[in-house]
Structure formats: C-alpha cells, structure tokens
Amino acid sequence: MVEMFDPLSAAFSDNPYAFYSELRAADFPIFFEAQNMWMLSRYEDVSKVATNTNMVRSLQGISSDVDLKQDQVAANWHDMPYHERVVQFSLLDSDGNVHRRLRKQVFGYFTGRAVASLEPMVRQYVETLLVDLKQRDSFDFIADFAAHIPGYVIGNLLGAPVEDCPQLRLWSEQVVQFFDVDRSDEKKAVAETATREFYHYLADLKRKRQGAPADDLISHMIMDETEGRYSEDEFISTCMLILMAGHGSTIDVLGSGMHTLIYEHDAQFKLREDLSLLPVAIQEMFRFEPPLPFFHRHALEDVHVHGQDFPKGTTFGLLYGAANRDPRQFSDADMFKFDRHPNRHLAFGQGAHLCLGNHLARLNMKVIFEILLTQFSDFELIDDHVPYKRGLSVRGPKVLSIRSVPV
Ligand code: HEM
C-alpha cells in the first residue's frame with residue numbers, strides 16, 4: 001500500500017488513515033517524489049521536527065536564488081507576481097527574526113482572552129443563520145451553514161464591512177486552491193487573479209481605515225506600519241494569510257466534527273446532556289480529523305529521524321493527520337473518544353509555527369456545537385456516503401446533507 005501512496009486518489013480521500021497506518025509501520029519514512037520530500041508519520045518524529053529550530057519553512061538560506069527559481073518552475077509555482085509577493089511570502093513561510101516580528105504584531109489579537117470577546121458576535125451570527133435552516137427538512141451542513149461562518153468571523157476581526165465577507169471567502173478559496181499537489185495552469189491563473197484582486201481590496205480598505213480607525217485588527221496593524229514595523233506587502237500578506245488559514249480549516253473541521261457526531265450517537269447524546277463536556281470533545285474532533293493534516297519543513301542541519309540520517313537541505317512532510325492516530329501516543333487511536341484526556345494532538349502543529357488561530361478555532365467550535373446541540377434534538381445523514389475532499393493538505397467533507405430535528 002505504501003508504494004501506492006497517491007494522495008489525489010479516491011481511495012486516499014475515502015480513508016487516509018489506512019495509508020497513514022502503513023506509513024507509520026514502515027521501518028523508514030517513504031520518499032514522496034511528487035513533492036520531493038520524506039514523509040514523517042509517527043508522532044515522535046513529527047513532533048521532533050516541528051519543534052526543532054533548525055527545521056525551517058522557507059528554503060532561503062538553504063538554496064541559492066537560481067535553485068529556488070528552478071524549484072518554483074518545476075512546481076509550476078512561478079510567473080505569478082502578486083502570488084509571489086504576498087502569498088508565497090508570508091508569516092507562515094518565514095523563519096527566525098522575520099517570522100517572530102510578523103507573528104508578534106498580530107499575536108495579541110489571537111490570545112484566549114482576546115478571542116473570548118468575539119463570542120457574542122459568533123453566537124449571534126450562527127443563531128441568525130439557523131433561523132432559516134430550521135424551517136427546512138434538510139440542508140447541506142457545509143454549503144448552507146459552515147461555509148458562511150469563518151469569512152464572517154474573520155472579516156469582522158480584521159474590520160472588513162459585513163457585506164464584503166462573501167467576497168473575502170471566495171478569494172480565500174481561490175488563492176488556496178493552488179496549495180495542493182495538483183498545481184495546474186488553470187488553478188494557477190485563478191489563484192493569481194484572486195490574489196491581485198484581494199491585494200487591491202485590502203490596500204483600499206487600509207486607506208479607508210487610515211482616515212477612520214476602528215477597534216479592529218487592520219487599524220491596529222496600520223499603527224505598526226506607520227511606526228515602520230511593517231511594509232505594505234507584509235501588511236497585506238498577513239491579512240490574507242489570516243483569512244486563508246482560518247477559512248477552509250474551520251469549515252472542514254465543522255463538517256467532519258458533525259459527521260463524527262452523527263455516527264457517534266452516544267457521544268452526541270452525552271454532550272447534549274452536559275454541554276460542559278464540549279471543550280474536551282472538541283479537542284478530540286481536532287485530533288480525530290485534523291483539517292490541515294500536512295505541512296513541510298526544510299533541514300538547516302543534518303538530522304537523524306525515524307531511524308535514518310538525513311543531510312542538511314532535506315525536506316520533510318509533517319503528516320499531522322498520521323501523528324494524531326499514532327497508537328504509540330494515543331490509546332485506541334482510531335477511536336473517537338469524546339472524553340479523551342490528556343489529548344496532546346498535533347492538529348494545530350507545534351513549535352514556532354503553532355497555529356496562531358488555535359484559540360479562535362476552538363472558540364468557534366465550542367459556540368457552534370453548543371448552539372447546534374441545544375437547538376436540535378437529532379441529526380441524520382441523508383446519504384451514508386459522505387465524499388471527502390481530495391488531496392494531502394486538506395481534510396473535510398465536500399458535502400454533508402443532513403436531516404435535523406429541531407427541539
Ligand atoms: C480550524 C482549525 C485550524 C487548524 C486545524 C489549523 C492548523 C494550523 C496548523 C497545523 C498550523 C501550523 C503550520 C505548520 O506547522 O507549518 C497553522 C498555522 C497558522 N494558522 Fe491555523 N488552523 C486552524 C484555524 C486557524 C484560524 C481560525 C486562523 C486565523 C483566523 C489560523 C491562522 C493561522 C496562521 C496565521 C498560521 C501561521 C502561524 C505561523 O506560521 O506562525 N488558523 N494552523
């Protein structure tokens with residue numbers, strides 16, 4: 001099965017965990033030619049690399065500019081001026097001092113305490129969305145419900161006008177289309193156009209906020225830019241990253257969390273009886289079906305991992321999704337245990353690039369499932385086969401048609 005590791009196949013999207021299990025059992029990591037990297041699947045190895053300060057996201061400092069250009073061409077990741085400036089360069093894809101500076105400037109808006117103040121806004125929006133859906137016999141949990149939420153919440157946090165949130169969502173989806181294994185020319189053109197439009201929108205919004213600051217993230221970032229801590233491109237890149245990183249991931253984990261609760265009926269019942277159990281159950285949703293299961297690192301130094309020596313310059317794939325099911329770390333790792341504790345899952349990564357939005361992601365899940373479990377007494381699948389997205393970088397249902405029973 002390891003030889004047949006094809007993340008774009010239907011077999012993989014139906015059940016990546018069967019493949020992950022084979023990868024973990026192998027004596028050595030496998031080399032994944034399509035991405036020119038060694039895939040790490042065991043919890044210990046993934047955690048070791050994610051927390052190692054000699055493991056970096058950007059190839060700068062390892063490859064020459066000429067090699068970098070050649071790599072970009074090989075990956076069809078070139079001739080995209082806007083994408084190159086503000087997507088291929090970002091807080092996520094920087095390291096060391098640049099990364100620390102960019103992260104520090106927005107960190108204060110993402111602490112547990114800061115995001116707690118967003119709860120009433122999330123609650124009110126979700127309750128409004130459900131008013132119509134409760135009148136319907138059935139709905140698609142993804143398109144009709146989950147897909148509306150993160151664009152609204154993150155748009156609000158940044159300070160975008162409410163009426164622009166659907167467009168922010170569209171751009172985020174178009175730009176990230178290009179991140180998986182399949183970098184076709186069509187996707188490339190869509191991603192570049194969306195990046196250009198998104199860029200000019202944010203530059204314009206920034207100008208408006210300069211004239212009339214508000215209590216939002218963009219106004220706060222403008223102050224930093226004025227003091228010279230940000231360039232215009234860094235400013236725009238960080239806003240885009242926050243939207244892109246938080247949008248699809250939130251939709252996907254809401255979808256897989258709901259899917260899991262539908263077949264884990266006993267857990268659903270217990271959670272409805274005692275909503276204080278939700279935060280622990282939500283951690284298990286993140287462990288069980290992490291929506292962003294794969295990231296990469298480049299080695300700045302020689303390293304020994306999963307029983308083998310690797311030279312400086314090696315690229316590793318960190319399979320957070322596989323690490324989260326490693327039986328060496330989690331008992332009954334393939335079971336959803338809503339009361340699992342402790343639960344040191346890697347859904348948000350670890351180390352310097354630990355998810356900036358992890359408190360917000362958990363807050364969204366808590367508020368949304370609290371409302372769903374309070375307002376509905378049951379959920380049923382309309383079609384037992386739930387199609388999941390293809391690819392290695394994302395995990396979540398494409399469609400989740402459900403029948404729900406309001407209380
Ligand atoms: C919904 C579930 C989410 C999951 C599972 C998730 C997962 C992750 C992971 C695994 C990383 C680390 C990448 C690496 O190791 O290279 C990451 C980084 C990041 N995430 Fe999230 N994320 C989620 C939601 C969000 C939200 C809601 C936001 C913001 C609104 C966000 C913003 C970011 C940013 C800015 C980074 C880059 C951090 C850095 O490089 O220092 N994420 N996320």
Side-chain angles (χ1 to χ4, degrees), residues 1-51 180-181 249 252-253 255-257 259-264 267 281 283-297 304-308 310 314-350 384-398:
M1 197 185 240
V2 169
E3 291 74 41
M4 291 160 54
F5 179 64
D6 174 8
L8 288 176
S9 68
F12 185 80
S13 56
D14 281 350
N15 184 8
Y17 302 105
F19 289 87
Y20 290 158
S21 159
E22 299 270 332
L23 295 183
R24 281 191 311 264
D27 289 337
F28 298 110
I30 66 149
F31 183 68
F32 183 40
E33 226 167 305
Q35 301 241 333
N36 194 25
M37 58 175 71
W38 294 87
M39 301 307 250
L40 301 180
S41 52
R42 295 186 183 174
Y43 186 98
E44 191 192 339
D45 301 331
V46 173
S47 170
K48 183 174 165 186
V49 169
T51 51
D180 217 301
V181 183
S249 54
D252 289 344
V253 73
S256 54
H259 186 198
T260 305
L261 280 193
I262 292 177
Y263 63 80
E264 295 288 345
Q283 287 288 61
E284 179 67 346
M285 289 180 190
F286 280 113
R287 181 195 72 88
F288 197 64
E289 290 280 14
L292 297 174
F294 161 73
F295 285 88
H296 74 270
R297 293 291 185 277
H304 184 82
V305 63
H306 196 144
Q308 205 170 320
F310 293 92
T314 301
T315 303
F316 293 102
L318 304 186
L319 292 170
Y320 292 136
N324 275 1
R325 298 285 191 108
D326 190 341
R328 296 169 193 84
Q329 175 70 18
F330 301 101
S331 60
D332 302 317
D334 281 322
M335 274 175 67
F336 178 82
K337 290 186 176 175
F338 75 97
D339 53 356
R340 185 184 294 277
H341 187 77
N343 190 347
R344 283 189 261 283
H345 65 76
L346 297 180
F348 294 117
Q350 222 181 4
D384 279 344
H385 178 72
V386 175
Y388 272 67
K389 291 179 178 170
R390 295 235 174 144
L392 195 56
S393 310
V394 291
R395 171 89 184 142
K398 288 198 273 196

Check whether any side-chain heavy atom of [X] lies under 4.5 Å from a side-chain heavy atom of [Y], and answer yes or no.
X: Val253; Y: Phe286; result: yes
X: Met285; Y: Thr260; result: no
X: Thr315; Y: Asn36; result: no
X: Arg42; Y: Val305; result: no
X: Arg395; Y: Ser256; result: no
X: His259; Y: Tyr388; result: yes
X: Arg328; Y: Glu44; result: no
X: Tyr320; Y: Val46; result: yes

Hey, what do you get for [atom1] ([X]) to [atom2] ([Y]), rounding to the nearest 0.5 Å?
X: Asp384; Y: Ile262; atom1: CG; atom2: CD1; answer: 10.0 Å
X: Lys337; Y: Asp332; atom1: NZ; atom2: CG; answer: 4.0 Å
X: His306; Y: Trp38; atom1: NE2; atom2: CH2; answer: 11.0 Å
X: Ser9; Y: Asp14; atom1: OG; atom2: CG; answer: 8.5 Å
X: Asn343; Y: Gln329; atom1: CG; atom2: CD; answer: 9.0 Å
X: His304; Y: Asp45; atom1: NE2; atom2: CG; answer: 9.0 Å

What's the shortest heavy-atom distance between [X] and [Y], and which atoms?
X: Gly391; Y: Phe12; result: O-CE2, 3.6 Å
X: Leu392; Y: Phe294; result: O-CB, 3.4 Å
X: Pro327; Y: Arg24; result: CD-NE, 3.8 Å
X: Asp252; Y: Pro397; result: O-CD, 3.8 Å
X: Pro290; Y: Gly321; result: CG-CA, 3.6 Å

Is the shortest side-chain N to carboxylate O distance from Arg325 to Asp334 below 4.0 Å?
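Salt bridge: yes.
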Look at the side chain of Lys398 and the backbone N and O of Arg390, then say whether any donor-acceptor pair between them is shorter than 3.5 Å.
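Checking the backbone N and O of Arg390 against the side chain of Lys398, no donor-acceptor pair under 3.5 Å is found.
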Taking Asn324 for the side chain and Leu346 for the main chain, is one N or O donor matched with an acceptor at less than 3.5 Å?
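Yes; judged by distance alone, with no hydrogens or angles, the pair exists.
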Please tell me whether Phe336 and Tyr263 form a close aromatic pair, meaning their ring centres lie under 6.0 Å apart.
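Here the rings of Tyr263 and Phe336 have centres that are no less than 6.0 Å from each other.
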In terms of heavy-atom contacts, does NE2 of His341 have more than 12 from other residues, nucleotides or ligands at under 6.0 Å?
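Not buried by this count: 12 neighbours or fewer within 6.0 Å.
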Students often mix this up, so state it plainly: with edges at 30° and 60°, are the rings of Tyr43 and Phe330 parallel, tilted or perpendicular?
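Ring orientation, 0 to 90° scale: perpendicular.
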With under 30° as parallel and over 60° as perpendicular, where do the rings of Phe316 and Phe310 fit, or are they tilted in between?
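The rings of Phe316 and Phe310 stand perpendicular, inter-plane angle above 60°.
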Please assess Glu289 against Tyr17 for the test side-chain contact (heavy atoms from CB on, under 4.5 Å), listing each intermediate value before the final yes or no.
CA-CA 10 Å; Glu289 290 280 14; Tyr17 302 105; 2.6 Å; yes
Reference residue Glu284; test side-chain contact (heavy atoms from CB on, under 4.5 Å); the match among Arg340, Met335, Glu264
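So, applying the side-chain contact (heavy atoms from CB on, under 4.5 Å) to Glu284 and each of Arg340, Met335, Glu264, only Arg340 qualifies.
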